[in-house]
Amino acid sequence: MIPTQIVVGAAIVRGGSVLAAQRASPAHLRGRWELPGGKVDPGETDEAALVRECHEELGVRIRPIERVGPDVLLPVRPNAPRALLRVWTAELTTGEPEALEHLELRWLTADTLSTVDWLPADLPFLDHIRSRLSGG
Ligand code: 523
């Protein structure tokens, strides 16, 4: 059986805002916004991948808090393994995020959450995140 590739994303929340990151690559995703994260490696837990990816991409340590939203099917090339996006809320434990692999980072509030051009797979998480930002 072909394994499903799990991709994890972090909704890093601080003081009523969540961190959004603008992709630099690949070319067809360049300029679109995402919750930072990436692919879970074989043998790695989802949470460990989330911590690793945030360190690689943002130079920070985070702590995953809780899973939000569903497993969201990611668009993949024909014949490529199925891929699912899972998202956790998280808090920063060490460091200030830097765009080490992204074009730009932005802290968005409940009111400004929809002002960037999110990747389609991230859209189903926005209502969950907005309700947490609003104290819900
Ligand atoms: N997404 C996505 N939203 C989102 C993430 C973290 C990823 O739609 N919040 C998509 C984008 C890619 C795929 O998931 O099509 C893999 O994410 P990527 O490229 O960030 O994963 P990496 O960095 O682990 O991939 P490699 O370049 O292969 O290491």
Side-chain angles (χ1 to χ4, degrees):
M1 200 184 79
I2 302 170
T4 298
Q5 173 68 60
I6 303 298
V7 177
V8 293
I12 303 173
V13 173
R14 181 171 72 185
S17 297
V18 66
L19 189 70
Q22 189 181 34
R23 287 194 73 108
S25 64
H28 71 284
L29 302 183
R30 184 177 172 88
R32 313 254 343 234
W33 292 76
E34 68 175 6
L35 298 166
K39 294 173 189 152
V40 178
D41 286 340
E44 188 179 41
T45 65
D46 292 358
E47 285 92 342
L50 201 63
V51 170
R52 175 181 55 74
E53 290 282 355
C54 288
H55 188 245
E56 288 172 6
E57 296 181 356
L58 307 170
V60 296
R61 289 291 169 194
I62 60 129
R63 185 180 72 83
I65 300 173
E66 61 168 341
R67 256 216 59 202
V68 290
D71 280 356
V72 172
L73 205 53
L74 283 160
V76 290
R77 297 183 319 278
N79 302 318
R82 196 166 80 116
L84 298 173
L85 178 63
R86 293 180 177 158
V87 168
W88 278 254
T89 56
E91 64 176 2
L92 283 172
T93 57
T94 313
E96 187 60 27
E98 286 179 83
L100 301 177
E101 298 183 359
H102 289 92
L103 294 178
E104 191 190 331
L105 303 178
R106 233 178 251 183
W107 290 99
L108 300 174
T109 63
D111 286 345
T112 59
L113 195 56
S114 298
T115 59
V116 297
D117 182 20
W118 289 98
L119 289 178
D122 292 52
L123 293 175
F125 299 102
L126 298 187
D127 281 347
H128 297 275
I129 294 167
R130 190 178 290 105
S131 72
R132 277 161 181 78
L133 294 177
S134 315

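Residue numbers count from 1 along this sequence.
No donor-acceptor pair under 3.5 Å is formed between the side chain of Glu34 and the backbone N or O of Ala21. Between the side chain of Gln5 and the backbone N or O of Val40, at least one donor-acceptor pair lies under 3.5 Å. Side chain of Thr112 to main chain of Leu108: no donor-acceptor pair is present (N/O by atom type, distance under 3.5 Å, no hydrogens or angles). A donor-acceptor pair is defined here as one N or O able to donate and one able to accept, closer than 3.5 Å; no such pair exists between the side chain of Trp107 and the backbone of Arg14.
Two different hydrophobic clusters hold Trp88 and Ile65 under the rule that ILVMFWY side chains link at heavy-atom gaps under 4.5 Å. Under a hydrophobic clustering in which Ile, Leu, Val, Met, Phe, Trp and Tyr are joined whenever their side-chain heavy atoms come within less than 4.5 Å, directly or via other members, Phe125 and Trp118 fall into the same cluster. The hydrophobic cluster containing Val8 also contains Leu105, counting ILVMFWY residues as joined when their side-chain heavy atoms lie under 4.5 angstrom apart, directly or transitively. One hydrophobic cluster, built from ILVMFWY side chains closer than 4.5 Å, cannot hold both Ile6 and Leu74; they sit in different ones. Clustering ILVMFWY residues whenever any of their side-chain heavy atoms sit less than 4.5 angstrom apart, transitively, puts Ile129 in a cluster other than the one holding Ile62.
At least one side-chain heavy atom of Arg82 sits less than 4.5 Å from a side-chain heavy atom of Leu73. Taking 4.5 Å as the limit, some side-chain heavy atom of Pro64 sits within range of a side-chain heavy atom of Val51.
Contact check on Asp46 versus Arg67 returns no salt bridge, with no Lys/Arg side-chain nitrogen under 4.0 Å from an Asp/Glu carboxylate oxygen.
Leu85 contributes atom CG, which lies 9.0 Å from atom CG of Leu119 (distance to the nearest 0.5 angstrom).
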